[in-house]
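To keep things clear, I will list the structure first and then write my remarks on it.
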Amino acid sequence: MRKKTRNVLFRPLLLFGVSGVLLLLSTVGSTRAALTYYSENYEMQIDVPSIGVSLLENGQAVSYRNYVNDTWKEESGSLLANMLEEGETLVPGRAYPEELCVENSGSIDSYVRVILYKNWTKDGEPVDTELSPDLIGLNLTGGGWVEDESASTEERTVLYYTQILPSGQRSPALSDVLRIDPEIASKVTETRKPAYDESGRETGTVITTTFAYDGYRFNLKAEVHAVQTHNAAEAIKSAWGVDVAIAEDGTLNLIGGNGF
């Protein structure tokens, strides 16, 4: 009789932990100000339009930052929080829904970009191994989103939505599914040793399989940046440090070394 014991690699609490981060960058005229005039007879308040943006995952807002009544209202949540059912284990190779999009939650039209970060950690520290960020497969859909390849790296992907995002509207999804490459489960070591009963008689062999990447954790982070459409080229240069050309229909194009 042979007995086998195995160390399990895929633990849902260790395998993933991610966050959504919002960064709003704007120039003068893009935020909200309250101008109040008083007299003996009446009070009047005039609101200058405000900027705001939200990150949505599978149709639900997970993070937002809005400028309301002269102050920032913001919340940063976690991605993939509902990826697995309670008690479910992540299965490498399986595609899980992961639709990310941006909603303009302000009162002015905006241009937006998203920066995605992917990496591996163990015990909270980055790991320098042959584990590639590409094994964290977030499938990008296009849909008006274009990658700035000159600004992207193995761990970072910079995406621009090339159209104006009107107030109250959502962009098309920039991704649709997340899939962890099953290659991470292929590197294992196996040890064998005799098994004995209480009398010391050999009863078989204990086989222990150890996964090379047991306890590793993949991380996915999304940053959302927004600027107003007024004087957009100057605003984007100031906020994002890139040169753009704005077509008559509002389409955004990077120019120079960052062009797409």
Side-chain angles (χ1 to χ4, degrees), residues 18-34 47-82 98-118 138 140-148 151-152 156-176 220-242 244 246 249-254 258 260:
V18 294
S19 63
V21 177
L22 296 173
L23 296 180
L24 282 180
L25 300 175
S26 59
T27 58
V28 176
S30 67
T31 59
R32 176 187 177 100
D47 291 331
V48 177
S50 62
I51 194 168
V53 69
S54 300
L55 174 66
L56 279 69
E57 177 189 45
N58 297 326
Q60 300 296 318
V62 293
S63 297
Y64 65 85
R65 194 178 193 212
N66 304 315
Y67 197 73
V68 180
N69 295 329
D70 300 323
T71 188
W72 287 109
K73 304 291 186 180
E74 58 187 304
E75 180 177 331
S76 291
S78 296
L79 298 174
L80 308 183
N82 300 310
E98 186 61 15
E99 293 187 3
L100 298 177
C101 73
V102 176
E103 181 177 74
N104 184 342
S105 49
S107 61
I108 61 172
D109 298 346
S110 301
Y111 286 103
V112 298
R113 74 173 181 179
V114 172
I115 303 180
L116 302 169
Y117 298 91
K118 300 185 296 182
L138 182 66
L140 302 179
T141 60
W145 292 91
V146 179
E147 180 180 354
D148 180 2
S152 298
R156 181 185 68 221
T157 302
V158 182
L159 300 169
Y160 287 83
Y161 184 54
T162 60
Q163 304 300 314
I164 294 173
L165 187 58
S167 172
Q169 298 297 308
R170 297 181 181 181
S171 72
L174 60 90
S175 63
D176 56 2
L220 175 68
K221 182 174 75 173
E223 292 181 358
V224 180
H225 299 192
V227 298
Q228 81 280 0
T229 57
H230 180 65
N231 294 326
E234 292 80 3
I236 289 172
K237 176 66 174 179
S238 175
W240 298 343
V242 296
V244 300
I246 306 297
D249 63 357
T251 300
L252 180 150
N253 291 282
L254 292 182
N258 295 315
F260 42 64

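For Tyr117, the ring pair (Phe, Tyr, Trp, His ring centres under 6.0 Å) criterion is met by no residue, not counting sequence neighbours.
Rounding to the nearest 0.5 angstrom, the gap separating the CD1 atom in Ile164 from the CG atom in Leu252 is 9.5 Å. Expressed to the nearest 0.5 Å, how far CG of Asn66 lies from OG1 of Thr71 amounts to 11.0 Å. Rounding to the nearest 0.5 angstrom, the gap separating the CG atom in Leu165 from the CG atom in Asp109 is 8.0 Å. The line from CH2 of Trp145 to OG of Ser175 is 10.0 Å long, rounded to the nearest 0.5 Å. Taken to the nearest 0.5 Å, the CD atom of Glu103 stands 10.5 Å off from the CG atom of Leu55. Remark: His225 NE2 to Ser110 OG distance equals 13.5 Å, nearest 0.5 Å.
Side-chain atoms of Asp176 and Thr141 form no donor-acceptor pair, as typed in the model, at a separation below 3.5 Å.
Put simply, the side chain of Ser107 gets close to the backbone of Ser50: a donor and an acceptor are under 3.5 Å apart. Panel note: side chain Glu57, backbone Leu80; a donor-acceptor pair is recorded below 3.5 Å. Side-chain atoms of Arg156 come within 3.5 Å of backbone atoms of Ala151 as a donor-acceptor pair (strictly under, hydrogens ignored).
In this structure, Ile115 and Thr157 have side chains that are not in contact, with every pair of non-hydrogen atoms separated by 4.5 Å or more. For the pair Leu140 and Leu116, the minimum side-chain heavy-atom distance is below 4.5 Å. A 4.5 Å side-chain heavy-atom check between Val114 and Leu100 finds every atom pair outside the cut-off.
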- Message: Before you tell me yes or no, could you show the steps for Leu56 and Val62 under side-chain contact (heavy atoms from CB on, under 4.5 Å), namely the whole-Å CA-CA distance, both residues' side-chain angles and the distance that decides it to 0.1 Å?
- Response: CA-CA 6 Å; Leu56 279 69; Val62 293; over 6 Å; no

- Query: Does the pair Ser152 and Val158 meet the rule for a side-chain contact (heavy atoms from CB on, under 4.5 Å), with working shown?
  - Reply: CA-CA 6 Å; Ser152 298; Val158 182; 4.1 Å; yes

- Would Val53 and Val102 count as a side-chain contact (heavy atoms from CB on, under 4.5 Å) if you check the C-alpha gap in whole Å, the side-chain angles of each, and the deciding distance to 0.1 Å? CA-CA 7 Å; Val53 69; Val102 176; 3.3 Å; yes

- Message: Walk me through whether Val242 and Ile236 qualify under side-chain contact (heavy atoms from CB on, under 4.5 Å).
- Response: CA-CA 7 Å; Val242 296; Ile236 289 172; 3.6 Å; yes

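For the residue pair Ala226 and Val112, the shortest heavy atom distance occurs at CB-CG1, 3.9 Å. The shortest heavy-atom contact between Cys101 and Pro172 is CB-O, 3.8 Å. The nearest pair of heavy atoms linking Ser63 to Ser76 is OG-CA, 3.3 Å.
Side-chain rings of Trp240 and Tyr111 stay apart, their centers remaining 6.0 Å or farther from each other.
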